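Have a look at this one.
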Amino acid sequence: MAENYQEMWTSLGLNLEAHQGLLAVLGDAYQSIYLSQKNRPKGMEYFDFVISEVHGLRIVELLNHKKAGKLIVGTFCVYVPEELILAVDGVSIGLCAGADVGSEEAEKYVPRNTCALIKGFMGFKLAGLCPYVESADLIIGETTCDGKKKAYEIFDEITKKVYVMELPNKKSEKGRLLWVDEIRKLGQKLSEMTGKKITLDNLRQAAEKVNAKRRALQRLSALRAHDPAPISGLDALLVNQISFYDDPVRFTTKLNELCDELEERVNSGNGVAPKGTTRLLVSGSPMAVPNWKLHSIIESSGAVVVGEEACVGERNFGNLLDDFSSPDEAMEKMADRSMGINCACFTPNDERFDDIRNLSSRLYAQGVVHYALQFCTPYMIEAYRAKTAVEAAGMPFLRIETDYSLEDAGQLKTRVEAFVEMIRDGKRS
Ligand code: BJ8
């Protein structure tokens with residue numbers, strides 16, 4: 001890919017040498033983690049292609065959209081309603097980063113003990129490695145965790161593109177009204193920037209696209225309930241990661257094709273791991289591309305990941321946007337939809353424990369691996385109550401805190417292997 005895009009990357013102000021190094025490391029990691037898997041569905045070829053062109057063809061597309069006058073909008077959180085961005089004919093792209101390149105640069109602005117996701121998105125930008133941030137016209141932040149909230153202030157100084165939505169801390173009626181108002185304000189901002197009015201018609205078209213994408217992701221999730229698992233957790237994670245920055249209509253078509261193939265696999269009993277392989281649910285902080293660390297450790301330890309109670313996972317697509325009959329009602333329904341997403345930034349957040357139990361039972365998971373990024377205080381602390389709730393339901397629970405580096409990979413593998421063995425042998429810790 002490298003040769004063809006040098007000019008484009010230069011025009012975006014990327015650090016060509018560092019960027020080349022990043023692509024080489026990514027290519028190697030992808031080869032050893034993804035392409036070495038056995039019996040992958042053929043439909044994954046499209047998603048392999050998307051990854052191979054993640055800083056190439058997709059950026060060409062975004063720049064072409066820009067030339068055609070479309071607004072490119074970067075986001076970091078599933079609470080930001082994609083429908084509004086599509087309603088003004090904008091393009092929505094996720095900006096979370098899942099690698100620790102650029103951390104040194106990021107640590108000039110934020111403390112060392114900031115979560116890897118925040119240091120990741122700041123580091124990618126500061127080290128001149130992120131064509132997505134450079135292509136974006138607007139970057140939407142939100143007042144979720146303290147780390148993000150404060151980092152956005154600095155990120156705005158650096159990029160001059162950040163707009164922050166005020167998300168409530170509680171799922172109360174007062175909180176809901178605040179969020180409805182914030183969604184309305186975002187709608188006004190998007191209309192101002194594009195000169196396009198938000199109408200019932202364009203909202204309906206946007207909702208149709210985004211709901212179709214969510215339905216396809218739900219379909220993939222449902223297929224993972226089968227034993228043998230028709231797709232690896234690694235591949236399903238990749239599809240979920242790509243859902244944040246691919247063209248939504250093309251993505252939905254390709255994912256539905258993959259699901260057709262997975263249905264055939266289910267009917268013929270063809271899986272990626274033998275029937276009876278230990279099945280685990282992963283729950284916690286989001287895993288942005290190219291964070292494949294935990295899934296890779298689990299699936300090389302004799303288990304298969306069957307679901308993610310996470311924002312790169314069920315929290316992103318579990319709820320659809322209900323039908324509406326006016327733009328005002330659409331904003332209310334968007335708020336209702338997102339208030340049903342149970343992020344640890346809310347207090348209390350008991351509904352998340354129901355989500356973990358329900359998902360485990362729907363996907364026939366035999367254990368829960370709780371994943372918190374180091375210094376992600378909301379999920380690190382909520383792990384205590386998640387453990388109590390999961391164990392009360394008779395399920396084994398493994399609590400993991402880690403970052404993007406591979407330094408602790410050996411130690412994590414030992415713990416995961418022991419957990420898988422305990423479940424396989426029917427023992428309790
Ligand atoms: S709805 S999970 S996408 S805020 S940045 S909370 S890792 S310390 S991303 Fe999130 Fe929206 Fe919630 Fe989902 Fe922790 Fe890091 Fe904060 Fe993070």
Side-chain angles (χ1 to χ4, degrees), residues 74-82 92-100 103 106-107 109-125 139-155 162 164-171 175 179 182-183 186 214 217 237 240-241 243-245 282-289 291 293-294 308-319 334-335 337-349 351-352 355-356 370-383 386 399-404:
T75 63
F76 294 99
C77 181
V78 295
Y79 283 102
V80 176
E82 188 178 345
S92 172
I93 41 168
L95 292 180
C96 294
D100 59 4
S103 289
E107 284 170 16
Y109 294 82
V110 295
R112 261 197 114 182
N113 55 357
T114 302
C115 94
L117 190 144
I118 294 171
K119 281 200 283 188
F121 75 71
M122 292 191 69
F124 263 81
K125 156 68 190 158
I139 295 176
I140 304 176
E142 43 3 89
T143 58
T144 44
C145 67
D146 287 351
K148 271 183 169 178
K149 233 170 6 202
K150 300 312 288 180
Y152 292 140
E153 294 170 8
I154 303 171
F155 210 51
V162 180
V164 177
M165 297 180 79
E166 185 178 351
L167 192 81
N169 289 322
K170 288 189 156 204
K171 298 169 202 163
W179 192 235
E182 285 297 297
I183 291 178
L186 176 65
R214 292 185 188 122
L217 287 162
L237 173 66
N240 275 284
Q241 290 172 331
S243 73
F244 286 90
Y245 54 86
V282 169
S283 166
S285 309
M287 293 174 178
V289 79
N291 177 9
K293 180 175 164 181
L294 183 61
E308 294 79 23
E309 187 282 314
C311 288
V312 180
E314 294 282 328
R315 276 184 236 133
N316 178 38
F317 58 76
N319 311 334
M334 281 178 213
R337 180 194 165 267
S338 45
M339 296 300 275
I341 298 170
N342 299 314
C343 169
C345 293
F346 277 87
T347 183
N349 190 34
E351 297 84 351
R352 177 169 167 238
D355 290 347
I356 300 173
H370 192 279
Y371 170 82
L373 277 174
Q374 250 161 32
F375 311 118
C376 169
T377 316
Y379 285 93
M380 281 169 68
I381 294 182
E382 203 163 274
R399 177 175 176 166
I400 282 178
E401 280 160 21
T402 186
D403 57 16
Y404 292 164

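Quantities reported herein were computed from a predicted structural model and do not represent experimental measurements. Each ligand, and each atom within it, is numbered from 1 in the order the structure gives.
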Report, in ascending order of atom number, the atoms of ligand 1 lying under 4.0 Å from any heavy atom of Thr144.
-> 4 (S)
Tell me, which protein residue and heavy-atom name are nearest atom 13 (Fe) of ligand 1, and how many Å apart are they?
-> Cys311 SG, 2.2 Å
Atom 12 (Fe) of ligand 1 sits nearest the protein heavy atom Cys343 SG, 2.2 Å
Which residue owns the protein heavy atom closest to atom 11 (Fe) of ligand 1, what's the atom, and how far is it?
-> Cys77 SG, 2.3 Å
Look only at the side chain of Lys119 and the backbone of Arg112, and say whether a donor-acceptor pair between them is shorter than 3.5 Å.
-> yes
Ligand 1 contacted by Ile118 (non-hydrogen, < 4.0 Å) = yes
When Glu382, Glu314, Glu308, Glu309 are each screened for side chain to side chain contact (heavy atoms under 4.5 Å, CB included) with Ser283, the one that passes is Glu309
What class does the angle between the rings of Tyr152 and Phe121 fall in, given that below 30° is parallel, 30 to 60° is tilted and above 60° is perpendicular?
-> parallel
Tyr379 and ligand 1 - part of the residue with a heavy-atom distance under 4.0 Å = side chain
Taking both backbone and side-chain atoms into account, decide whether Cys345 has an N/O/S atom under 2.8 Å from atom 12 (Fe) of ligand 1.
-> no
Could you list the atoms of ligand 1 found under 4.0 angstrom from a heavy atom of Phe76?
-> 3 (S)
Heavy-atom nearest neighbour in the protein, as seen from atom 1 (S) of ligand 1, with distance rounded to 0.1 Å | Tyr79 CE1, 3.2 Å
Note the single closest protein heavy atom to atom 16 (Fe) of ligand 1, along with its residue, its atom name and the distance in Å.
-> Cys145 SG, 2.2 Å
May I ask you to decide if Met380's main-chain N or O and Arg399's side chain share a donor-acceptor pair within less than 3.5 Å?
-> yes
So which protein heavy atom does atom 15 (Fe) of ligand 1 come closest to, and at what separation?
-> Cys115 SG, 2.3 Å
Between Cys376 and Leu117, does a side-chain contact (heavy atoms from CB on, under 4.5 Å) hold up when you go through it step by step?
-> CA-CA 9 Å; Cys376 169; Leu117 190 144; over 6 Å; no
Within reach of ligand 1, part of Pro286 (heavy-atom separation under 4.0 Å) | side chain
If you scan protein heavy atoms around atom 10 (Fe) of ligand 1, the nearest is Lys148 NZ, 3.6 Å
Output yes when a side-chain donor or acceptor of Asp403 lies under 3.5 Å from a complementary backbone atom of Ala116, and no otherwise.
-> no
State if Gly147 counts as touching ligand 1 under the rule of any non-hydrogen atom under 4.0 Å.
-> no
Between Lys293 and Thr402, is there a donor-acceptor pair closer than 3.5 Å when you use the side chain of the first and the backbone of the second?
-> no
Just do the salt bridge (charged side-chain N to carboxylate O under 4.0 Å, His left out) check on Lys149 and Asp146 with the steps written out, would you?
-> CA-CA 5 Å; Lys149 233 170 6 202; Asp146 287 351; 3.1 Å; yes
Shortest non-hydrogen contact between Thr143 and Leu167, atoms and distance | OG1-N, 2.7 Å
Give the residue and atom name of whichever protein heavy atom lies nearest to atom 8 (S) of ligand 1, and the separation in Å to one decimal.
-> Cys376 CA, 3.4 Å
Do side-chain atoms of Thr75 reach the backbone of Val80 as a donor and acceptor pair under 3.5 angstrom?
-> no
